[in-house]
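Some notes on the structure that comes next.
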Amino acid sequence: MKIISVNSIKGGTGKTTLSILFINALTKAGYRCLVIDADASNNSLSAYLTDGEISQKKSVFDLFLGASVEECNIEINKNLDLIRGDVRLNEFRSTDSLKRLKRTLQGLDYDYVIIDTSPTYDNIIGNVLTASDILLIPVQQDIFSFQAVKYQFEKLVDLELDKLDIHIIFNQFEKPLTDNQDAYRNQITNMFLNDEAFNAFINPCRISRSSVFRKFINKQNYQLSDKAETRKAYEEVKALIKSVLNIKIKERI
Ligand SMILES: Nc1ncnc2c1ncn2[C@@H]1O[C@H](COP(=O)(O)OP(=O)(O)OP(=O)(O)O)[C@@H](O)[C@H]1O
Ligand SMILES: [Mg+2]
């Protein structure tokens, strides 16, 4: 079992979108997945997977309190369980223990656990990262995104998670309009690529800004495949998953 968390300190970078892309690709390829909505300020992932229906099952808040996964997991389909978000998770922003979640998630029978988070740095995120094997950090080509990653790496040092496999992923990537190296997007991209603290963690696969991803999230039954308008997006997501998990996706997403 591998635990994958998706976090960036900047908001709106594509954490939930990436989480949903990974979940769909992996479950459709036959892997058993658990997804945890650990976003304490929004529950867009839970709302997406449950069509907004309210479940009586225990939530991520109870999970942090020590409830078992069996008490919390909502079956979405045969390969996917969800632990729903809960605004009360905010209680744990300054919790004293960073090992609450790690303890609860040990020894589960899933291939992958995917954890979506809020754009913050606090002890909820500390718990999520301490429990994780892999961290995906979506970034955009703007200065705040760069500063946020720089700050995040300073904080990661404090957590001493030497085994955490970190991938910084350009999402909503746009090629500069000209080859001019001074173009703003080029400048920012180069700042990322030249930063010695984290350039070794930048994944070479990029996810473009495309209406296909918005349609994928917003429209039911809209699939990514090698057909027509979705082909480029499909290839990008497949390449990213191959690069992060070394899995070749052959099914539609
Ligand atoms: N590759 C992409 N191409 C086009 N639009 C995208 C792409 N990725 C994300 N978006 C859009 O950007 C917005 C923010 O994406 P998303 O909700 O996934 O970000 P987030 O990091 O989860 O945000 P938050 O910090 O609020 O949780 C959404 O409207 C989403 O549809
Ligand atoms: Mg989100």
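We're numbering straight along the sequence, starting at 1. Excluded from the calculations below are hydrogen atoms, water molecules and symmetry mates; all remaining heavy atoms, backbone and side chain alike, are included.
- Side chains of Asn123 and Arg93 form no contact here, defined as non-hydrogen atoms less than 4.5 Å apart.
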**Item:** Trace of the side-chain contact (heavy atoms from CB on, under 4.5 Å) decision for Asp111 with Leu26
**Value:** CA-CA 9 Å; Asp111 297 311; Leu26 292 171; over 6 Å; no
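- One N or O on the side chain of Asn77 and one on the backbone of Leu80 form a donor-acceptor pair closer than 3.5 Å.
- Side chain of Glu75 to main chain of Leu82: no donor-acceptor pair is present (N/O by atom type, distance under 3.5 Å, no hydrogens or angles).
- The pair Glu251-Lys28 fails the salt-bridge criterion, with no side-chain N (NZ, NE, NH1 or NH2) lying under 4.0 Å from an Asp/Glu carboxylate O.
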**side-chain contact (heavy atoms from CB on, under 4.5 Å) between Ile3 and Ile134, intermediate numbers included** = CA-CA 6 Å; Ile3 303 181; Ile134 299 172; over 6 Å; no
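- Between the Asp122 side chain and the Ile124 main chain, a donor and an acceptor come within less than 3.5 Å of each other.
- Put simply, the side chain of Asn199 gets close to the backbone of Leu193: a donor and an acceptor are under 3.5 Å apart.
- In this structure, the side chain of Ser46 engages the main chain of Gly85 through a donor-acceptor pair within 3.5 Å.
- For Arg206 and Phe173, the positive end sits near the middle of the six-membered ring, less than 6.0 Å away and at most 45° from its axis.
- Contact record, Tyr234 with Lys250: OH-O, 3.4 Å, taken as the closest heavy-atom pair.
- In this structure a side-chain-to-backbone donor-acceptor pair under 3.5 Å is present from Thr130 to Gly126.
- Counting only heavy atoms from C-beta outward, the side chains of Leu21 and Leu240 never approach each other to under 4.5 Å.
- Minimum interatomic distance between Asn203 and Ser243 (heavy atoms only, all atoms of both residues): ND2-OG, 2.9 Å.
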**Request:** Tell me, with the steps shown, if Asp81 and Tyr110 meet side-chain contact (heavy atoms from CB on, under 4.5 Å).
**Result:** CA-CA 10 Å; Asp81 289 345; Tyr110 292 97; 2.6 Å; yes
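- Ring-plane geometry between Tyr151 and Tyr121 is classed as perpendicular, the angle between the planes exceeding 60 degrees on a 0 to 90 degree scale with a lower cut at 30.
- With contacts defined as side-chain heavy-atom distances shorter than 4.5 Å, the pair Cys72/Lys57 does not qualify.
- Thr95 OG1 to Leu65 CG: the interatomic distance, rounded to the nearest 0.5 Å, is 9.5 Å.
- Contact record, Ser145 with Thr13: OG-CG2, 4.2 Å, taken as the closest heavy-atom pair.
- Formation of a donor-acceptor pair under 3.5 Å by the Gln140 side chain with backbone atoms of Asn171 is not found in this model.
- In summary, the side chains of Asp86 and Ser59 do present a donor paired with an acceptor at a separation below 3.5 Å, with no hydrogens or angles considered.
- Using a 4.5 Å heavy-atom threshold, the side chains of Thr50 and Arg84 count as separate.
- Looking only at side-chain heavy atoms (C-beta outward), Ser97 and Arg103 come within less than 4.5 Å of each other.
- A pairwise comparison of heavy atoms in Glu71 and Ser68 identifies OE1-N, 2.8 Å as the closest pair.
- With a 4.5 Å cut-off on side-chain heavy atoms, Val6 and Thr117 do not count as touching.
- Judged as a salt bridge (Lys or Arg N to Asp or Glu O under 4.0 Å), the pairs with a partner in residues 211-228 (not counting sequence neighbours) are, in order, Lys215-Glu229.
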**Request:** Test Ser208 against Glu236 for side-chain hydrogen bond (donor to acceptor under 3.5 Å, both in side chains), laying out the working first.
**Result:** CA-CA 8 Å; Ser208 301; Glu236 287 180 352; 2.6 Å; yes
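- Thr27 is not listed as a side-chain neighbour of Tyr31, based on a closest heavy-atom distance of 4.5 Å or more.
- The closest donor-acceptor contact from the side chain of Ser132 to the backbone of Ile4 lies at 3.5 Å or more, if one exists at all.
- Judged by distance alone, with hydrogens and angles left aside, the side-chain atoms of Asn90 form a donor-acceptor pair with the main-chain N or O of Val87 at under 3.5 Å.
- Of all heavy-atom pairs between Leu135 and Gln152, the closest is CD2-NE2, 4.4 Å.
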Side-chain polar contacts of residues 153-164 - donor-acceptor pairs under 3.5 angstrom, sequence neighbours left out - could you list them?
none

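- Asn7 places none of its side-chain heavy atoms less than 4.5 Å from the side chain of Ile115.
- Closest of all the heavy-atom pairs between Val212 and Ala233 is CG1-CB, 3.6 Å.
- Residues passing the ring pair (Phe, Tyr, Trp, His ring centres under 6.0 Å) test with Phe144, sequence neighbours excluded: none.
- A salt bridge is defined here as a Lys NZ or Arg NE, NH1 or NH2 lying under 4.0 Å from an Asp or Glu carboxylate O, and Asp142 with Arg185 fails to meet this definition.
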**Request:** List the steps, then state whether side-chain contact (heavy atoms from CB on, under 4.5 Å) holds for Ile20 with Tyr48.
**Result:** CA-CA 9 Å; Ile20 292 169; Tyr48 170 83; 3.4 Å; yes
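- When atom types are taken as modelled, the side chain of Thr230 and the backbone of Ser225 share a donor-acceptor pair closer than 3.5 angstrom.
- Atom NZ of Lys150 sits in a crowded spot, with more than 12 heavy atoms from other residues, nucleotides or ligands closer than 6.0 Å.
- Note: Asn43 CG to Asp37 CG = 6.0 Å, rounded to the nearest 0.5 Å.
- Residue Leu34 is tested with Ile23, Asp109, Leu108 for a side-chain contact (heavy atoms from CB on, under 4.5 Å); the sole match is Leu108.
- No close placement of the Tyr112 and Phe22 rings is indicated, their centers lying 6.0 Å or farther apart.
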